[in-house]
Structure formats: structure tokens, C-alpha cells
Visitor: 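Let me give you the structure first, and then I'll get to my questions.
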Amino acid sequence: MELAKQYDPSEAEKRHYEYWESNGLFSPEVNGDRNAPKYSIVIPPPNVTGSLHMGHALQHTIMDVLTRRKRMLGFRTLFLPGIDHAGISTQKMVTDQLWKEEKKTPQDIGREEFTKRVWEWKAKYGGTILQQMRREGVSVDWSRERFTMEESLSKAVTSVFVALYEEGSIYRGARIVNWCPKDKTVLSDLEVEDKAKKDGKLYYLRYPVKGTERHLTVATTRPETMLGDTAVAVNPEDIRFSDLVGATVELPLTGREIPVIADDYVDMEFGTGAVKITPAHDPNDYEIGLRHDLPQLNVMNDDATMNADAGADFEGLDRFKARELVVEKFEELGLLEKIDDYEMVLPVCERCKTIVETLISEQWWVKMAGMRDLALDLKRKEDLPKFTPHNPHTKVYTDWLENLRDWTISRQLWWGHQIPAWYDGEGNVFVARSFEEAAEMAGTEDLTQDEDVLDTWFSSWLWSFSTLGWTKPGDLTEDMEEYHPTDVLVTARDIIFLWVSRMVMSALKFVGERPFDDVYITGTVLASDGQRMSKTKGNGIDPLDVFDKYGVDATRMALAGSSTGMDFAWRDERVESFRNFANKIWNATRFCLMNSEGATVDPESILSPDSIADRWIVSRLNRTALKVNEALERYAFHEAVQLLYHFFWDDFCDWYIELSKDEITSGDAGSRTRILTVLEQSLRLLHAFMPYLTEELWQKLPGTGDALHHPAYAGKPASISLAGFPVGDRGFVDDRAEDEMGLVIDLISKVRNIRSEMRISPSVRIPLHVAADGSTAEALGSNSAQIVKLARVTDLVLASELDVPKASAKAVLSDGTEIAVPLEGLIDFEKERERLSSQIGKLEEEGEKLGAQLANRNFVERAPEEKVSAVRERVGEIEIQLKALKENLQALD
RNA sequence: GGGCAUAUAACUCAAUUGGUAGAGUGCUUCCCUUACAAGGAAGAGGCUGGAGGUUCGAGUCCUUCUAUGCCCA
């Protein structure tokens with residue numbers, strides 16, 4: 001069989017995913033072993049509006065590596081995919097489209113029609129990211145794909161709402177909230193982000209004190225809110241104002257009179273020390289208002305224009321226009337003291353970046369204290385999910401829990417789970433699982449359902465179990481029993497609070513167990529400039545472009561290989577190196593296949609390796625497998641990638657193929673079989689990371705098929721994804737073979753060094769003399785043909801003593817074995833002197849360091865025995881080598 | 001303001017419980033040796049951000065400073 005000279009990923013990527021998916025290889029049911037242990041992961045659901053970005057690619061790669069390995073180990077493996085309905089962004093998207101295409105607003109077509117349009121939109125565009133995930137090669141079970149708005153998950157949402165309401169954990173109340181005037185909905189604290197505003201202003205406004213000639217000056221960043229002021233506050237300790245506490249201020253522009261109050265909250269250092277209090281439009285003022293029983297005067301509409309209570313001059317004005325007008329009028333009245341420049345931080349809507357308004361609004365809330373305590377109990381029992389990397393996530397997570405506040409769950413949207421609360425004509429509320437149930441409770445069908453929907457997170461916090469068929473407390477579906485709790489959650493730092501902690505609380509509350517054992521928090525993929533990727537900066541990198549350019553497998557290797565849990569800057573060069581690696585694997589396989597006649601993959605063939613090279617590669621293979629498995633068990637993806645890269649490229653390609661090349665090309669069936677088998681094992685190890693390339697090549701190797709499957713997948717469609725994952729066997733780790741092979745490699749490298757330094761053309765063959773006895777002579781002698789070939793020497797002269805002319809280049813192997821290349825006529829004495837001197841210099845430097853250590857009695861007495869003897873051993877080696885090198889140098893004179 | 005993290009070769013990053021600092025890319029020199037030039041061979045390149053301290057021994061532990069990033073308020 002002849003392969004192309006270069007690997008073309010695009011072709012393999014098309015074919016194999018289709019094969020895997022249509023044969024259901026990623027469904028846990030493919031596992032025929034009823035007693036197999038399970039392994040389950042639920043995907044963090046991307047937004048239905050979303051498309052694949054680097055963060056997804058990273059997380060999905062990690063999850064897929066974990067899943068594929070476990071599947072190959074024979075676990076009943078479930079990797080469950082799905083998306084969430086992303087209330088705000090989806091509604092926005094469809095609203096925009098409606099306006100663009102029909103010049104209509106959602107209100108124009110009504111709720112029912114609008115919701116229909118969203119479903120149509122979802123059917124048409126909502127699957128984008130799911131298709132992109134197929135391209136990534138993720139081995140998810142598509143037969144279990146979930147969507148937060150589908151019937152079963154909606155039932156779960158409703159039943160959880162009702163259960164919490166019935167126990168008194170959900171209530172409705174007017175409180176100060178974050179309000180997005182553009183999306184016209186309330187936002188939870190977590191959906192608001194801070195944005196620095198460097199060119200902000202601090203306005204100093206004078207309020208006349210009633211019955212005096214005095215003014216009280218307040219400093220504010222938001223003059224327009226003064227229209228809703230209901231007090232001025234000062235610190236009770238502040239002697240500047242102590243006589244004014246209890247006085248009345250005439251609030252300009254409004255004709256209202258408001259009191260001067262004293263409250264600890266006021267910072268004497270800030271501004272003037274006097275603070276205007278607007279309980280209806282500032283969270284801190286709201287609290288102060290409650291403490292002092294102040295009226296809450298709402299002066300704004302839901303679109304952040306001023307309302308009638310702001311006064312006739314201001315009604316209808318946008319908040320920023322109103323600000324200008326307020327300042328103007330203060331100026332006219334001579335009440336504007338000054339305006340300072342002021343750097344500040346503004347709260348903005350996480351989605352549309354509009355400046356968030358704080359106002360008082362009637363919303364639904366969840367009391368979190370009870371569930372929070374359940375989660376903190378886990379901490380006490382030291383049974384929290386295990387975070388990787390451990391720090392600082394565990395602490396951040398528990399700190400946050402301890403300061404948890406109630407959660408606003410209603411949203412003023414039409415797209416989402418409509419709140420299951422109905423009102424009768426008198427305003428009584430009935431919370432029920434359905435209209436029928438509510439009607440029965442109310443004794444009338446004359447009910448209207450609450451207009452609002454629930455926060456999207458109110459459905460995704462149930463994701464770990466709602467996706468497994470759970471619809472109500474007590475539900476124990478087959479999938480729940482089998483796959484919950486899941487094994488690991490892989491996600492990004494930014495949703496530890498929004499999602500991870502809430503999932504823990506909901507699972508504890510409703511299922512009575514943790515939703516997952518481990519949490520792996522990935523680092524952030526930064527742009528190549530080290531900055532965060534962002535649309536506005538235009539420095540983002542589209543994973544699909546990278547797939548096209550370098551192939552999916554190379555991209556996955558680059559991502560997994562960078563996944564230490566730290567953030568890392570994206571570098572195309574790194575992916576390129578893995579594309580080259582993929583090509584290396586391709587060509588190594590190409591070589592084996594070109595010489596595969598009469599041979600077939602046969603695991604038995606490497607069970608009793610005979611030659612040093614065979615014992616060595618089998619040892620390296622098993623050692624690598626052991627380490628890769630160990631690394632993956634502790635989520636050290638980058639270590640696993642490094643191990644595989646170096647095993648395959650250095651050990652297998654650079655040495656094993658080269659050492660066995662003659663035997664292979666001359667048709668030795670045994671050698672051919674062994675190399676095919678080692679290759680096949682390597683492909684299996686690589687499969688979790690590079691699924692397409694390995695499947696492509698595995699299918700081409702002679703002797704592969706379902707017979708190589710893990711026993712749990714006997715008789716299933718042949719795929720490397722069902723083959724056993726090599727776990728490695730300590731019995732095959734052969735230190736002696738590795739030492740002996742190390743000598744051969746050292747010898748060849750030293751000769752190559754001589755050639756290179758002496759500038760001997762590769763076409764010129766040179767003689768090689770080696771002084772060795774015993775096992776060294778045996779190891780080198782049994783590989784003499786390979787040494788001759790790889791060091792390009794005429795022949796290898798092995799004797800117990802060197803017998804070479806003065807004009808020879810010499811070197812010493814790590815065990816002290818002396819080697820010499822007689823180079824009559826070729827050798828440049830000056831160069832050889834330099835070469836030897838530089839090597840002597842290096843060894844002397846190392847020897848001095850180590851010698852100093854040994855001279856230190858404290859080291860010898862206090863350091864562990866094995867450390868000391870290791871240093872002694874190394875010093876011994878150095879001494880032997882130095883002696884020989886120095887003699888060689890002298891011999892040149 | 002509080003908390004956390006990071007600072008290692010030109011670049012991007014590694015370094016198990018403290019025990020002679022590694023990789024990939026880039027760079028230099030040589031080679032199209034029929035698996036692979038997306039390749040092969042040989043090299044150069046680091047007082048591990050600064051300053052103290054603990055220790056026989058510190059990239060690793062402690063203190064402090066500087067710079068950057070993230071989270072919370």
C-alpha cells in the first residue's frame with residue numbers, strides 16, 4: 001500500500017466522523033459489558049446563538065481526551081452534548097431580525113407569534129455550534145443531545161421552581177435591582193460587569209438648608225438622580241456637619257424638602273463628606289433608605305428616560321440629557337459649585353454593554369441560604385468537588401458561597417421558561433406545575449400567567465441531572481442511576497459562580513449528591529499578543545480557520561499540550577509544529593506500510609522481545625504508556641502530550657526505525673510484524689488526542705479490526721476508538737536495555753559530533769575504534785551493523801585497548817568507554833584541540849560544582865543517601881572521561 | 001480597597017514532595033542519505049524580575065519591592 005507523501009487532514013476529517021456517528025460508537029450502549037464501570041461528562045452547554053471559539057475548542061478537546069481514553073479502557077462512557085437557550089441574546093437576535101426584515105417589534109406580533117419565530121430561528125441557525133463540534137471530533141453521544149427549552153428540561157425547571165416556592169425559598173418582592181434599559185430586563189449581579197470610565201466627572205451640587213443662608217454641598221457622578229433624592233446623609237462622627245443633622249434641605253428644581261440624616265456608611269474623606277441619598281436608584285442608598293425609613297422615589301422609566309415624578313421639565317428626557325439639563329439649571333441658579341475630573345467604574349450589561357441602571361422593581365427571588373449551607377457542609381466534610389488546579393479555585397469558590405446573596409431569577413423577556421405563577425382578578429398568586437393545577441388551586445380559570453420568564457441559569461443549574469431525564473424531585477431515571485454524579489466538569493474560570501457553584505447547590509438540594517467528583521478549570525487562551533481575545537480588539541482567532549490551516553488533530557494537540565491550567569498565548573507556530581508531528585506519524589506509517597508484506601499487527605509479537613533494540617523500544621513504549629496514563633489521571637494534559645511527542649518522534653522514528661531499517665527493508669517478517677505492532681500501540685495512545693489521523697492510519701494497517709477492540713466492544717464496527725488503551729506494564733520496563741541502548745545512542749551521537757566538528761562530509765566514511773570489554777562490548781557489538789550505518793563508518797573495531805595513530809579524534813562515552821576516529825589526513829589538529837578543550841571545560845565546570853558539594857560535610861551527612869551516591873557516581877564518570885580527554889589532548893602535541 | 005495568580009533561553013511555555021534548569025519555535029553550520037525538507041545531523045543560547053532570609057543545598061519555602069493579569073467590593 002502506498003500513501004501520499006504528505007498528510008492531508010481535511011480528507012480524513014470528513015470521512016471518519018460520519019463513520020463514528022452513524023455507527024453509534026460514542027453511545028455508552030456500544031459497551032457490551034454490563035459490569036463495566038461508568039464514566040460520564042456533561043458538556044457545558046454553549047449558547048444556542050453561539051459559534052465555536054477557542055475557549056470551546058480547548059474545553060472540548062480536554063473533555064474528549066478524557067472520554068476517549070476511558071472509552072478505550074472499557075468504561076461505559078457518556079459524553080453528553082447540548083446547548084442552552086440563552087434568553088437575552090437569542091431574544092435580541094430574533095428581535096433585530098424581525099425589525100430588519102419586517103420593520104416590526106415583538107410587541108407588534110405578540111408573544112405567541114414571537115416565541116414561534118424564535119423556535120423557527122433556532123431550527124434554522126441554532127445548530128451551528130453543534131455542527132462545528134462534529135468538526136472538532138468530539139466523541140459525544142448525539143442520541144442524548146439536550147436543549148434547555150425542550151420539554152423534559154422545562155419540566156425540571158418548573159418542578160424545581162414549584163418545589164422551592166412551596167418550601168418558601170422563592171418569593172416575589174420589590175427590591176433594588178440591576179436593570180438593562182436596552183434589553184429592558186433585570187439582570188443578576190453576575191450578569192453585570194464593571195467598565196472603567198477614565199473621563200468621568202464629579203459634580204458638586206449645593207443644596208440650600210432651610211431657614212438658613214447655608215448650603216450643603218454634595219458630590220455626585222450622577223446629577224440627574226438628584227430629582228429622586230429623599231435625604232442628604234453625613235457621617236455621625238463628622239463635626240463639620242453635626243449641627244445640621246436633623247435639619248431640612250430644600251431640594252432644588254423639585255420644590256421638595258428632604259431631611260439631613262446621619263449614617264455610618266458615609267465616607268468623610270470622599271467628596272464633601274455629605275452624600276445625596278436616592279434610595280430608588282442606588283444600591284447603597286437603598287440600604288440607607290431602609291435603615292432610615294426614607295421614601296423611595298422612582299424618577300425613571302424602564303428605558304432610562306425620566307418619568308413624571310422627575311418633574312415636568314425632565315419627563316421623557318433620556319438620563320444623559322437629563323443630566324445635562326440638571327447641571328445647566330444648577331449653574332443658572334448659582335448652585336453648581338464645581339465639576340472635577342473623576343475616574344470611575346460603571347456597571348454595564350454583560351451582553352449589550354449598555355450602562356446598567358439600578359432601580360426598584362418587583363421581581364422573583366431565590367433564597368440561597370439553605371442551599372449555600374448544603375454546599376458549605378460539603379466543605380466541612382471535605383467532600384467538595386476536587387478542583388484542578390487546586391488553587392486558587394477552591395478558596396474563591398467557598399469565599400463566594402459564604403457571601404452569597406439572594407438570586408433574582410425573573411427576566412422581562414418572552415424567550416425562556418415562563419414563570420409558573422398565575423394571578424386571579426384580586427392579585428392572588430398561584431404557583432403550580434400547570435395552568436390546570438393553578439386553576440384548581442384558585443377555583444377559577446380566570447387567571448393570567450406571570451409575564452416574565454426565568455433566568456437562563458435557572459435551567460442550566462439543573463444541567464447535570466436534567467439532561468439525564470430528571471423532571472421532578474425524586475425522579476430516578478435509568479440514566480440518572482447510571483451516570484449521575486458525573487465524573488468531571490471541565491469549564492472556564494469565569495463561570496465558577498454563575499454555573500459551577502449553582503450546579504453543586506441544585507444537585508445537593510434536589511438529587512442529594514454532588515453533581516461531579518472533579519472540576520477541571522482550563523486556562524484562558526489569549527491572543528498572540530498576550531491580551532484577551534476580543535471582538536473589539538479584533539485579535540481573536542477562529543478555531544475553524546486553524547482547523548482548515550493545520551488540521552483538527554494538530555489543533556487539539558496544541559491545545560491539550562498547552563493545558564497546564566494556566567493562561568497561555570496562542571501561537572500559530574505551535575500548531576504548526578503539531579501539524580509537522582502529524583505528518584511525521586503519517587510518514588512513519590507510510591514507511592512501515594511500504595515494508596509490510598508478509599507482516600501483520602500482532603500484539604503477541606512484542607511480548608518477548610529479544611534484541612536490545614526490541615527490548616528497548618518495548619520498554620520505552622510501556623514506560624510511556626504508564627506515564628501517559630498517570631499524567632491523564634491527574635489532568636496533566638501537557639505532560640501526556642510531551643511524552644507522546646517525544647516517544648514517537650525521538651524513540652520510535654529517530655532511533656527504532658533507523659536501527660531496524662535494514663531488517664525491515666530486507667523483508668524480515670519478524671521485524672516487520674514487531675514494528676507494525678509497536679506503531680499500532682502508539683496510534684492507540686495517540687488516538688485520544690489525534691482521533692482522525694490515528695483512525696485513518698489504523699484502518700490501513702494490516703491486521704487491525706474488531707479483534708483488537710477492548711473486550712467490551714467485541715464485534716462492534718472496527719474503530720481505533722474502541723481498541724484497548726495501552727496502560728503499560730512495569731514488567732516490560734527494562735532498565736538494562738535502556739542503559740545499553742543509551743550507550744549505542746551515545747556512541748553514534750559522539751561520532752556524529754566528531755564528524756560535524758571536523759567538517760567531514762557525510763559522504764566520507766570513516767573508521768571507528770572502541771575500547772570496551774564485557775557487557776559494553778556485547779551491547780555495542782550486537783548493534784555493530786546499526787552503528788556502522790548510522791554513524792557512517794567503514795567498520796567498527798572493538799578491542800579491549802585502543803590502538804590508533806596519534807592523528808585521531810577521540811571521545812569518551814558516559815560509562816568511560818573510549819572511542820577514537822583515526823583521521824590520517826582528514827583531521828585538523830587545531831580544531832580537534834578546540835573540540836576537546838571545550839568538552840573538557842564543560843565537564844570540569846560540572847565536576848567542580850559537584851566536587852564542592854561532596855566536599856561539604858553537611859551535604860554528605862544530611863542529604864539523603866541516594867542523592868549523595870548519585871553525585872558520587874556522576875563525579876566518578878566525569879573523572880574517567882576527563883582523564884581520557886586530557887590524555888587525548890596531550891597526545892596531540 | 002481586599003484577595004489570588006504570574007514574572008524562567010530571542011518568542012511561547014515546562015520543571016513530581018527543595019537535590020547539577022527542559023521543550024517547541026526561532027537562530028548558526030552541514031546534508032535533497034528512496035518514510036518524511038512539514039525532513040535528517042551537529043551546535044550556540046539562562047547569575048530562573050530586584051533585594052533580603054531559611055537550608056548542607058532554593059526556579060521551588062519565607063519576607064519585601066517592582067511589573068502584569070484576573071476575581072471580589
Side-chain angles (χ1 to χ4, degrees), chain A residues 2-7 189 193-194 267 283-284 345 389 391-393 395-396 399-400 403 493-494 496-497 523-524 526 528 530-532 550-551 554 558 561-595 627 630-631 634 636 638-639 641-642 645-646 649-650 653-654 657-658 661 664-665 748-763 789-792 838 845-850 852-864 866-868 870-871 874-875 878:
Chain A
E2 186 73 26
L3 297 188
K5 221 171 154 183
Q6 278 190 355
Y7 173 51
D189 293 342
E193 53 186 47
D194 289 338
D267 177 0
N284 295 313
V345 176
N391 283 311
H393 305 305
K395 189 170 152 38
V396 168
D399 283 357
W400 183 78
N403 296 302
R493 260 193 312 261
D494 53 351
I496 293 181
F497 304 144
T524 308
L526 304 170
S528 50
Q531 304 277 307
R532 235 160 211 291
Y550 301 106
S562 303
S563 195
T564 60
M566 292 289 116
D567 296 350
F568 62 95
W570 180 263
R571 309 220 76 217
D572 268 359
E573 294 91 327
R574 186 156 170 80
V575 200
E576 198 178 336
S577 76
F578 286 111
R579 180 204 56 180
N580 296 352
F581 181 56
N583 191 51
K584 190 76 180 174
I585 298 169
W586 174 266
N587 273 292
T589 306
R590 178 167 178 253
F591 170 75
C592 293
L593 286 175
M594 285 166 72
N595 298 286
K627 284 185 177 171
E630 185 269 332
R634 56 185 169 84
H638 63 298
E639 284 182 37
V641 166
Q642 286 301 306
Y645 185 94
H646 287 112
W649 202 313
D650 301 349
C653 293
D654 286 350
I657 288 185
E658 295 306 329
K661 206 166 221 172
I664 303 283
T665 49
I748 294 169
S749 302
K750 291 257 160 58
V751 177
R752 284 171 171 172
N753 175 270
I754 290 171
R755 298 188 68 108
S756 172
E757 300 273 323
M758 291 297 121
R759 301 187 183 282
I760 296 164
S761 156
S763 56
K789 183 174 151 91
L790 298 182
R792 305 189 70 78
S838 114
E845 200 181 325
E846 191 188 338
E848 269 167 36
K849 264 192 212 166
L850 297 180
Q853 250 185 315
L854 287 179
N856 185 337
R857 287 191 53 188
N858 281 318
F859 173 70
V860 180
E861 281 164 18
R862 299 195 203 181
E866 75 249 29
K867 301 289 178 197
V868 178
V871 173
R874 180 65 189 144
V875 166
I878 290 172

Visitor: Is the phosphate of B/G22, meaning OP1 or OP2, less than 4.0 Å from a side-chain N or O of A/His646?
Guide: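 Indeed not, no polar side-chain atom of A/His646 lies that close.
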Visitor: Taking the C1' atom of each, how far is B/C31 from B/C36, in whole Å?
Guide: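 Each nucleotide's C1' atom is 15 Å from the other's.
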Visitor: Does the side chain of A/Arg590 come within less than 4.5 Å of A/Asn587's, by heavy atoms?
Guide: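 Sidechains of A/Arg590 and A/Asn587: in contact.
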Visitor: At under 4.0 Å between heavy atoms, what does A/Cys592 touch on the DNA or RNA strands: base, sugar-phosphate, or nothing?
Guide: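 No contact.
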Visitor: Measure the shortest side-chain to side-chain distance between A/Leu790 and A/Arg752 over non-hydrogen atoms and say whether it is less than 4.5 angstrom.
Guide: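 Yes, side chains in contact.
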Visitor: Need the pair for B/C70. Rule: Watson-Crick or G-U wobble, both distances under 3.5 Å, any strand; none if unpaired.
Guide: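 Pair assignment: B/C70 / B/G3.
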Visitor: With a 3.5 Å cut-off and just heavy-atom distances, do the side chain of A/Lys661 and the base of B/A35 make a donor-acceptor pair?
Guide: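 Present.
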Visitor: Could you tell me the separation between the CG atom of A/Leu790 and the P atom of B/A42, rounded to a whole number of Å?
Guide: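 Roughly 11 Å, once rounded to whole Å.
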Visitor: Nearest whole Å is fine: how far is B/U29 C1' from A/Arg759 CZ?
Guide: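 Those two atoms, CZ and C1', are 6 Å apart.
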Visitor: Please confirm whether the shortest side-chain N or O distance from A/Trp570 to OP1 or OP2 of B/U25 is below 4.0 Å.
Guide: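 No, A/Trp570 has no side-chain N/O under 4.0 Å of OP1/OP2 on B/U25.
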Visitor: Can you find a heavy atom in the side chain of A/Glu576 that is under 4.5 Å from one in the side chain of A/Arg571?
Guide: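 No; the side chains remain at least 4.5 Å from each other.
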Visitor: Taking the P atom of each, how far is B/G18 from B/C30, in whole Å?
Guide: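 The answer is 47 Å between these two P atoms.
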Visitor: Test for a donor-acceptor pair under 3.5 Å between the base of B/A38 and the side chain of A/Arg579, counting only N and O atoms.
Guide: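 Under the 3.5 Å cut-off, the side chain and the base do form a donor-acceptor pair.
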Visitor: Write down the distance separating the P atoms in B/A21 and B/U25, rounded off to the nearest Å.
Guide: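 About 23 Å, rounded to a whole number of Å.
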Visitor: Report the base-pairing partner of B/A38 (Watson-Crick or G-U wobble, both distances below 3.5 angstrom), or none.
Guide: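 For B/A38, the partner nucleotide comes out as none, under the 3.5 Å rule.
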Visitor: Without decimals, in angstroms, what is the distance between A/Asn580 CG and B/A23 C1'?
Guide: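 Whole-Å distance recorded here is 15 Å.
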Visitor: Whole angstrom is fine here: how far is it from CG in A/Leu3 over to P in B/C36?
Guide: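 Distance check: A/Leu3 CG to B/C36 P gives 12 Å.
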Visitor: Looking at A/Glu630 and A/Lys627, does any basic side-chain N land under 4.0 Å from a carboxylate oxygen?
Guide: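 Between A/Lys627 and A/Glu630 there is no salt bridge, as every charged N stays at least 4.0 Å from the carboxylate O atoms.
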Visitor: Indicate, with yes or no, if the rings of A/Phe578 and A/Tyr550 have centres closer together than 6.0 Å.
Guide: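 Between A/Tyr550 and A/Phe578, which both carry aromatic rings, the centre distance is not below 6.0 Å.
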Visitor: Answer with base, sugar-phosphate or nothing: what part of the nucleic acid does A/Thr564 contact at a heavy-atom distance below 4.0 Å?
Guide: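 Sugar-phosphate: the residue A/Thr564, judged by heavy atoms under 4.0 Å, touches backbone atoms but no base.
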Visitor: If I take atom CZ in residue A/Arg590 and atom P in nucleotide B/C36, what distance separates them, rounded to the nearest angstrom?
Guide: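 Rounding to the nearest Å, CZ of A/Arg590 and P of B/C36 are 5 Å apart.
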Visitor: Counting any heavy atom closer than 4.0 Å, what does A/Phe578 reach on the DNA or RNA strands: base, sugar-phosphate only, or nothing?
Guide: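 Nothing: the residue A/Phe578, judged by heavy atoms under 4.0 Å, touches no strand.
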Visitor: Between the side chain of A/Arg532 and the main-chain N/O of A/Leu526, is any donor-acceptor distance below 3.5 Å?
Guide: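 Pair absent, no side-chain N/O of A/Arg532 close to backbone of A/Leu526.
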Visitor: Roughly how many Å apart are B/C61 and B/G22, using the C1' atom of each and rounding to a whole number?
Guide: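 Between the two C1' atoms, the distance is 23 Å.
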Visitor: What integer distance in Å separates A/Asp567:CG from B/C13:C1'?
Guide: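 A/Asp567 atom CG is separated from B/C13 atom C1' by 12 Å.
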Visitor: According to the Watson-Crick and G-U wobble definitions, with both distances under 3.5 Å, which nucleotide is paired to B/A44?
Guide: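 When the pairing criteria are applied, nothing turns out to pair with B/A44, so the answer is none.
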Visitor: Should A/Asn595 be listed as having a side-chain N or O under 4.0 Å from OP1 or OP2 of B/A35?
Guide: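 For A/Asn595, the contact criterion (side-chain N or O under 4.0 Å from OP1 or OP2 of B/A35) is not met.
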Visitor: Can you tell me how far P in B/G45 sits from the matching atom in B/A5, rounded to whole Å?
Guide: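 These two P atoms come out 35 Å apart once rounded.
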Visitor: Does B/U33 have its OP1 or OP2 closer than 4.0 Å to a side-chain nitrogen or oxygen of A/Lys789?
Guide: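 No, outside the criterion.
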Visitor: Give a yes/no answer on whether the side chain of A/Lys584 brings an N or O atom under 4.0 Å of OP1 or OP2 in B/A35.
Guide: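 Indeed not, no polar side-chain atom of A/Lys584 lies that close.
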Visitor: Between B/A10 and B/A44, how far apart are the two C1' atoms, rounded to whole Å?
Guide: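 That atom pair is separated by 12 Å.
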Visitor: Do A/Lys661 and A/Phe591 form a cation-pi contact, if we require the NZ or CZ to be under 6.0 Å from the six-membered ring centre and within 45 degrees of the ring's axis?
Guide: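 The answer is yes, since A/Lys661 meets both limits relative to A/Phe591.
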Visitor: Mind calculating the distance between CZ (A/Arg532) and P (B/C70) to the nearest angstrom?
Guide: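 Those two atoms, CZ and P, are 6 Å apart.
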Visitor: Look through every strand shown and name the nucleotide pairing with B/A15 as Watson-Crick or G-U wobble, where both distances are under 3.5 Å.
Guide: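 Paired with no nucleotide.
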Visitor: Taking donor-acceptor contacts at under 3.5 Å, does the side chain of A/Gln6 reach the base of B/A38?
Guide: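 Side chain to base: pair found, below 3.5 Å.
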Visitor: Going by modelled atom types, is there a donor-acceptor pair between the base of B/A23 and the side chain of A/Glu639 at under 3.5 Å?
Guide: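 Not at all, since no donor on one side and acceptor on the other fall under 3.5 Å apart.
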Visitor: Taking any heavy-atom pair under 4.0 Å as a contact, classify A/Ala569: base, sugar-phosphate, or nothing.
Guide: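 Counting heavy atoms under 4.0 Å across all strands, the contact made by A/Ala569 is with sugar-phosphate only.
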Visitor: Taking any heavy-atom pair under 4.0 Å as a contact, classify A/Glu658: base, sugar-phosphate, or nothing.
Guide: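 If one applies the 4.0 Å heavy-atom cut-off, A/Glu658 turns out to touch a base.
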Visitor: Rounded to whole Å, how long is the line connecting atom CG of A/Asn587 with atom P of B/A35?
Guide: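 A/Asn587 atom CG is separated from B/A35 atom P by 10 Å.
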Visitor: B/G1 and B/U48: how far apart are their P atoms, nearest whole angstrom?
Guide: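 So the two P atoms sit 33 Å from each other.
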Visitor: Partner of B/C61 by Watson-Crick or G-U wobble geometry, both contacts under 3.5 Å, or none?
Guide: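 In the structure as shown, B/C61 has B/G53 as its Watson-Crick or wobble partner.
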